[in-house]
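Right, one structure below, let's go through it.
Remember, predicted model here, so these are calculated numbers, not experimental data.
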Amino acid sequence: MSPTHTAVTTDLDPCGRADHPDCGIRDVLDRIGDKWSVLVIVELAGGPRRFRELQRAIDGISQRMLTLTVRRLERDGLILRTVYPTVPAQVDYRLTETGTSLTHLVKALADWSLTHRAVIAEARQQYDQTHPDHDIR
């Protein structure tokens, strides 16, 4: 195997192959793979939040992106949107049981990221120095 070999060589079920029935991983990765969804899930793991609380807690997210993200997560059954009959109307968001069952995976990913952050940064720096013509950032 060459140092640039990138093929996956594990015995995982070949879910991504055209001749394999859809196992749903692509749909899940579309949702969970985007940074805003992960950050909303992380924030809601601490309990229900109102829209503005979420927006303030998630640095860099725009109102439009937060709106799209919570709608997608609600559609996927990961969060529950509750509207309270007050004037003005109050809305909060909370994880569903399915969303809550995802939090240990998100935490494991966050822990892994913290543990390996320096190693990844060093590998990127070495790659960039040895491959200056490969701008993949």
Side-chain angles (χ1 to χ4, degrees):
M1 216 178 337
S2 74
T4 59
H5 180 74
T6 59
V8 175
T9 57
T10 183
D11 291 333
L12 293 176
D13 194 20
C15 186
R17 287 190 6 211
D19 63 337
H20 189 278
D22 180 20
C23 66
I25 197 166
R26 290 176 191 233
D27 285 340
V28 171
L29 288 176
D30 282 347
R31 185 66 50 243
I32 305 310
D34 82 78
K35 70 177 176 180
W36 300 124
S37 292
V38 170
L39 293 173
V40 168
I41 291 168
V42 166
E43 187 59 31
L44 292 177
R49 299 286 188 269
R50 293 179 61 184
F51 187 89
R52 293 286 177 222
E53 289 176 313
L54 283 172
Q55 192 174 18
R56 283 191 298 270
I58 301 171
D59 187 43
I61 194 166
S62 68
Q63 180 175 335
R64 169 131 172 86
M65 187 51 66
L66 181 55
T67 298
L68 289 172
T69 301
V70 294
R71 282 183 187 165
R72 290 172 181 155
L73 290 169
E74 182 181 14
R75 180 175 182 252
D76 289 347
L78 299 176
I79 66 171
L80 178 65
R81 179 180 183 262
T82 304
V83 180
Y84 297 96
T86 59
V87 178
Q90 291 185 2
V91 178
D92 77 19
Y93 300 89
R94 66 188 71 228
L95 292 174
T96 62
E97 187 175 327
T98 304
T100 300
S101 71
L102 184 61
T103 59
H104 76 282
L105 297 172
V106 171
K107 182 177 180 343
L109 182 59
D111 290 346
W112 182 91
S113 298
L114 285 172
T115 301
H116 296 90
R117 181 173 45 190
V119 172
I120 292 170
E122 183 179 327
R124 286 178 178 170
Q125 184 178 19
Q126 287 178 358
Y127 181 92
D128 292 345
Q129 288 173 354
T130 58
H131 300 85
D133 55 331
H134 295 177
D135 187 12
I136 58 172
R137 284 174 245 160

Shared hydrophobic cluster, Leu73 / Val91 (ILVMFWY, side-chain heavy atoms < 4.5 Å): yes
Over 12 non-hydrogen atoms of neighbours within 6.0 angstrom of CZ in Arg71: no
Same apolar cluster: Met65 and Leu39, side chain cutoff 4.5 Å: yes
Gln129, CD: over 12 other non-hydrogen atoms inside 6.0 angstrom: yes
Ile79 CD1 to Arg72 CZ distance, which is reported to the nearest 0.5 Å: 12.0 Å
Thr67 and Arg64: CA distance, side-chain angles, deciding distance, side chain to side chain contact (heavy atoms under 4.5 Å, CB included) verdict: CA-CA 5 Å; Thr67 298; Arg64 169 131 172 86; 5.6 Å; no
Pairwise side-chain contact, Lys35 with Val38, heavy-atom cut-off 4.5 Å (strictly under): no
Shortest non-hydrogen separation from Thr98 to Ser101 and the atoms involved: O-OG, 2.6 Å
Min side-chain heavy-atom separation Arg50-Gln55 under 4.5 Å: no
Linked, directly or transitively: Val83 and Val70 (ILVMFWY side chains, under 4.5 Å): yes
Nearest atoms (heavy-atom pairs only) where Gly77 meets Thr96: O-OG1, 2.6 Å
Heavy-atom side-chain contact between Thr82 and Arg94 under 4.5 Å: yes
From Glu122 atom CD to His116 atom NE2, the distance as rounded to the nearest 0.5 Å: 13.0 Å
Single-linkage hydrophobic cluster Val42~Leu80, side-chain heavy atoms < 4.5 angstrom: no
Remaining members of the apolar cluster that contains Trp112, side-chain heavy atoms under 4.5 Å: Ile120
Approximate separation, where rounding is to 0.5 Å, of Leu102 CG and His104 NE2: 8.0 Å
pair Thr130-Gln126: side-chain heavy atoms closer than 4.5 Å: no
Any donor-acceptor N/O pair, Asp76 side chain to Leu78 backbone, under 3.5 Å: no
Audit row: Asp111, Lys107, salt bridge (Lys or Arg N to Asp or Glu O under 4.0 Å) steps and yes/no: CA-CA 6 Å; Asp111 290 346; Lys107 182 177 180 343; 2.9 Å; yes
Where at least one partner belongs to residues 38-96, residue pairs that pass ring pair (Phe, Tyr, Trp, His ring centres under 6.0 Å), sequence neighbours excluded: none
Heavy-atom closest pair, residues Ala45 and Thr103: CB-CG2, 3.8 Å
Flag side-chain contact, heavy atom, 4.5 Å: Leu44 against Leu54: yes
